[in-house]
Amino acid sequence: MTCRMGAALVVVGFAGMLSAQTLRFSDRTVESGLFITPSAYNRMSGGGAAGDFNNDGWMDLFVVGGSAGSDRLFINNGDGTFREEAAKWGVDRHHYGYGAAAGDFDGDGWLDLFITSGGLRDDPDAPRAGQHILYRNNGDGSFTNVAEEMGVARTSADAFNGWGAAFGDYDLDGDLDLAVSGWIHDSQPANCVFRNDGPAGFVLVNDEILRDPSGQVFDMNDPPTRGFCPAFCDMNGDRYPELLWVADFLTSKYFVNDGGRTLAEFTAGAGAGLDGNGMGTFVNDIDNDGDMDWYVSSIFGSEGPTIPGDGNKLYLNRGDGTFDEIASSAGVDDGGWGWGTIGQDLDHDGFVDIVETNGWLQDLEYDDEQSYLWLNNGDLTFRERAMETGLVHTGQGRSVIAMDGDRDGDLDIVIISAYADLVYFRNDLKGPDTHWLHITLDRGDARRVAPDGIGAFVRVRTGSLELTRAIVPVPHFLGQSELSAHFGLGEHDTIESLTVNWPDGRMTRVRDLAADRHLEIRYCEADMSGDEAGVGDGMIDGRDFRYFLERFASGDPVCDLTGTSREDEEGFGLPDGDLDADDFFYFLDRYASGC
């Protein structure tokens, strides 16, 4: 269904054209205020999550202490520097922490946090199971742990279990469900899918929804799935998100969603599960064909009974939810002992690039190996350029997080390590052919759509580029990037059309936008029942359209349509807070075009 009215768009930032065509990263850890020594002491921990926790429009960063110290919450000062406020917000817990996931689970408009944990560091009975944390954001600069009452404090009988976690709306009922992975095999599920039942809390639904190819209950414990990263994403175009489960020792899984009723294991049939030691992951459109591809980091080089050593896997989506694996031919199979990874367009040429971090102290082959940056050539091949672009990182990297910390339009990189310092690499991309667009979504009052538009697809067309991004929270290993759709546009400084395919099937379309800006797009359902309250507030919606129709019919001079310029310095005369004929023309044009 196409929404034909009320596509509310909010311009929340603007940056001008950049000046010299160079991709360069600089280590800004200390001067940004993100310095931590060290990040974690557990060899398989080192997580965090980027998100706007105080709703000021600037990305903040939560970092799991991992027994090396208390968790940290870095709040953005509004200039790309950060202040540490974990104690002030009530999240300075010193515990056996692993990973973090961010999502508005209660739908109140404030981003919450889920952290996998084995218990308090100074508790004489720690570590012990049942210590995961669900922080409800109170909206006043504080969090409250509600994991126990919401039913997600425990996912395993083993204390050292619970790695990556991901929010997603598998049943498309408008609230966020939760998947939590477990690496250690025990008598309990360890890898858990929880349905969000609102105020009643989360309900474990493994036996209810997970099915094997014959339709029987699929047991994630028999044989054991050694899980690291779950993720929800629609891979076959039916709107219902599949469940991708990245796991160690040849146990990765791919579940196909049957209309929100069941998730059927289809790993072999899809051509997935080929990664020998799946650890980190991302989903994005590598080949710009409009669907999501799937990348899994894995060990390259060492060989043994449980370590095949054939490296990373890049599953290219055929368009029907099945895959061709092309990592070797693409040149991205050798990432060492790979852990966290992200896929984003870092040089703004219109193609998704790959960052992967790695290391393993127990094997000298991987001690102090560099992190990798593969730039996409646009022809299903990549070139490695980490060192020459300044992304110089060696050691025990675990999580990689992408976030626009300074709101300059390109994505910066955070690497969280075990036994070493966090590193913040600022992206200093420059050049006339490095235009961009940064999109966040707001569901407004539409309760049938998940908060922040999670599960939506954003599509941009400009010149020869047709780009697709999904709003999907993915634990790249133990860390989650910001919830946004980021587009590199190359030489194109305008966008011919932007389309949001919402997970409920509706669509919002906007045409003729200027590039190099942060945009927030609201769910397209128009409210035509209101009066003049909300008119001229800079939020272009059905109230403004109705207002103009009534005033135009009455001959009100505010609707004199003569002698009015329809374009301003940003490409159109709205939404600038000034209610004038520019806005009316905009509505007439968009309505006629089917928006």
Side-chain angles (χ1 to χ4, degrees), residues 44 99 163-166 179 181 183 191 220 225-233 235 241-256 265-287 291-302 306-318 321-344 352-360 371-372 374 376 380 382 397-400 402 470 472-481:
M44 287 180 10
W163 262 260
S181 64
W183 184 77
N191 295 278
M220 294 277 272
T225 299
R226 306 295 293 274
F228 278 136
C229 294
F232 295 99
C233 184
M235 307 296 284
E242 275 58 62
L243 178 57
L244 290 59
W245 210 286
V246 172
D248 209 350
F249 306 139
L250 287 164
T251 63
S252 289
K253 301 292 188 298
Y254 178 73
F255 295 90
V256 175
E265 194 271 329
F266 190 57
T267 313
L274 305 177
D275 38 286
N277 302 95
M279 296 181 183
T281 192
F282 70 79
V283 288
N284 211 330
D285 187 4
I286 291 290
D287 54 354
D291 50 34
M292 293 296 104
D293 308 303
W294 182 19
Y295 183 82
V296 178
S297 65
S298 187
I299 300 169
F300 185 95
S302 288
T306 59
I307 303 178
D310 55 357
N312 307 319
K313 302 300 176 185
L314 175 53
Y315 299 109
L316 198 67
N317 196 329
R318 293 172 176 155
T322 65
F323 305 95
D324 289 319
E325 200 290 299
I326 64 164
S328 179
S329 64
V332 296
D333 55 336
D334 182 1
W337 194 293
W339 293 100
T341 181
I342 59 105
Q344 293 285 354
V352 171
D353 310 305
I354 299 173
V355 175
E356 180 177 319
T357 193
N358 69 89
W360 190 240
S371 293
Y372 291 87
W374 288 289
N376 194 329
L380 295 181
F382 293 75
R398 294 297 179 264
S399 294
V400 182
V472 178
V474 175
H476 306 300
F477 171 56
L478 300 173
Q480 179 182 310
S481 298

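Note that the numbering runs from 1 along the sequence shown for the chain. Quick note: numbers below take in every heavy atom, side chains included, and nothing from hydrogens, waters or symmetry partners.
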Checking S181 against W245 for the side chain to side chain donor-acceptor pair (under 3.5 Å) test, could you report, in this order, the C-alpha distance in whole Å, the side-chain angles of both residues, the deciding distance, and whether it holds? CA-CA 8 Å; S181 64; W245 210 286; 5.1 Å; no

Taking atom CG of L380 and atom CD1 of I326, what is their separation to the nearest 0.5 Å? 4.5 Å

Rounded to the nearest 0.5 Å, what separation is found between the OG1 atom of T322 and the CG atom of L316? 10.0 Å

Run the side-chain contact (heavy atoms from CB on, under 4.5 Å) check on N277 and I307 step by step: do they pass? CA-CA 7 Å; N277 302 95; I307 303 178; 3.7 Å; yes

Between E356 and V400, does the side-chain contact (heavy atoms from CB on, under 4.5 Å) criterion hold? Intermediate values first, please. CA-CA 7 Å; E356 180 177 319; V400 182; over 6 Å; no

Given 3.5 Å as the limit, does a donor-acceptor pair link the side chain of R398 with the main chain of T357, or not? no

Just wondering, do M279 and I299 contact through their side chains at under 4.5 Å, heavy atoms? yes

Test your reading of the model: is there a side-chain donor-acceptor pair from H476 to the backbone of T341, 3.5 Å cut-off? yes

Donor-acceptor contact below 3.5 Å, side chain N376 vs main chain D353: no

Classify the ring geometry between W339 and F228 as parallel (under 30°), tilted (30 to 60°) or perpendicular (over 60°). perpendicular

Less than 4.5 Å apart, any side-chain heavy atom of N191 and any of P230? no

Parallel, tilted or perpendicular: rings of F249 and W183 (30°, 60°): tilted

With distance as the sole test, does Y372 use its side chain to make a donor-acceptor pair with the main-chain N or O of V332 at under 3.5 Å? no

Picking from D275, V283, L244, what satisfies side-chain contact (heavy atoms from CB on, under 4.5 Å) with Y315? D275

From CH2 (W374) to CG (N312), nearest 0.5 Å: 5.0 Å

Taking Q480 for its side chain and V474 for its backbone only, find out whether a donor-acceptor pair lies under 3.5 Å. no

In this structure, OG1 of T267 is separated from CZ of F323 (nearest 0.5 Å) by 10.0 Å

Verify, without hydrogens or angle tests, whether N317 (side chain) and M235 (backbone) share a donor-acceptor contact under 3.5 angstrom. yes

For the residue pair D293 and V352, establish whether any side-chain heavy-atom pair is separated by less than 4.5 Å. no

